[in-house]
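Input: a single structure, listed below in structure tokens.
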Amino acid sequence: MRWLRTLLLIILCLVFLFVGILFTIHNTDKVSIDLILVTLPQASLSLWLIAAFVCGGVLGLLLSSVAILGLKTRLRSARKRLSIAQHDLEQQRALVTKDSV
């Protein structure tokens, strides 16, 4: 089963590579990007689009990493509070058991 997943992943990567190559071949027009304060040099349209896609992916990963770190911190805190509460509950049960005997 693992080999099937690996094969599908390889096929998917090859398809993306093929589509990327076709995209690059068909979008060779030179364009310059004007970002209000700065104008980027002329490069092929496909290069700018792929760069924007990669930058968006990296920014998405960074922002989601920050969110995940925050959630992990909250989870660690909740687990610590749960551990303390369970310890207190065990102590209360021990006291009740001693009192009832």
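Heavy-atom basis, side chains included; hydrogens, waters and symmetry copies ignored.
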For this session: Give the cluster check for Ile33 versus Leu49: same hydrophobic cluster or not, with ILVMFWY residues linked at side-chain heavy-atom distances below 4.5 Å.
Result: yes
Problem set entry | Enclosure of Phe53 CZ (heavy-atom neighbours >12, cutoff 6.0 Å) | no
Exercise. Between Leu45 and Phe23, is there a shared hydrophobic cluster once you connect ILVMFWY residues whose side-chain heavy atoms come closer than 4.5 Å?
Worked result: yes
Problem set entry | Any Leu8 side-chain heavy atom under 4.5 Å of Leu12 side chain | no
Just list the side-chain donor-acceptor pairs under 3.5 Å for residues 56-69, sequence neighbours left out, or say none.
{"residue": "Ser64", "atom": "OG", "partner": "Gly60", "partner atom": "O", "Å": "3.0"}
{"residue": "Ser64", "atom": "OG", "partner": "Leu61", "partner atom": "O", "Å": "3.0"}
{"residue": "Ser65", "atom": "OG", "partner": "Leu61", "partner atom": "O", "Å": "2.7"}

For this session: Please identify each residue that fulfils side-chain hydrogen bond (donor to acceptor under 3.5 Å, both in side chains) with Asp88, with sequence neighbours left out.
Result: none
Problem set entry | Chi angles and distances behind the side-chain contact (heavy atoms from CB on, under 4.5 Å) call for Ile25, Ile21 | CA-CA 6 Å; Ile25 290 171; Ile21 290 171; 3.8 Å; yes
For this session: Please go through Phe18's hydrophobic cluster and name the other residues, only I, L, V, M, F, W, Y counting, with side-chain heavy atoms under 4.5 Å joining them.
Result: Leu22
Exercise. How would you list, by chain and number, every residue that makes a side-chain hydrogen bond (donor to acceptor under 3.5 Å, both in side chains) with Thr39, sequence neighbours excluded?
Worked result: Asp34
For this session: Looking only at non-hydrogen atoms, find the nearest pair between Pro41 and Trp48 and report the distance.
Result: O-CZ2, 3.0 Å
Problem set entry | Set of residues satisfying side-chain hydrogen bond (donor to acceptor under 3.5 Å, both in side chains) with respect to His87, sequence neighbours excluded | Gln91
For this session: Considering non-hydrogen atoms only, spot the tightest contact between Ser32 and Gln42 and give its length.
Result: CB-CG, 3.7 Å
For this session: Output all residues satisfying side-chain hydrogen bond (donor to acceptor under 3.5 Å, both in side chains) with Thr24, sequence neighbours left out; order by chain, then residue number.
Result: none
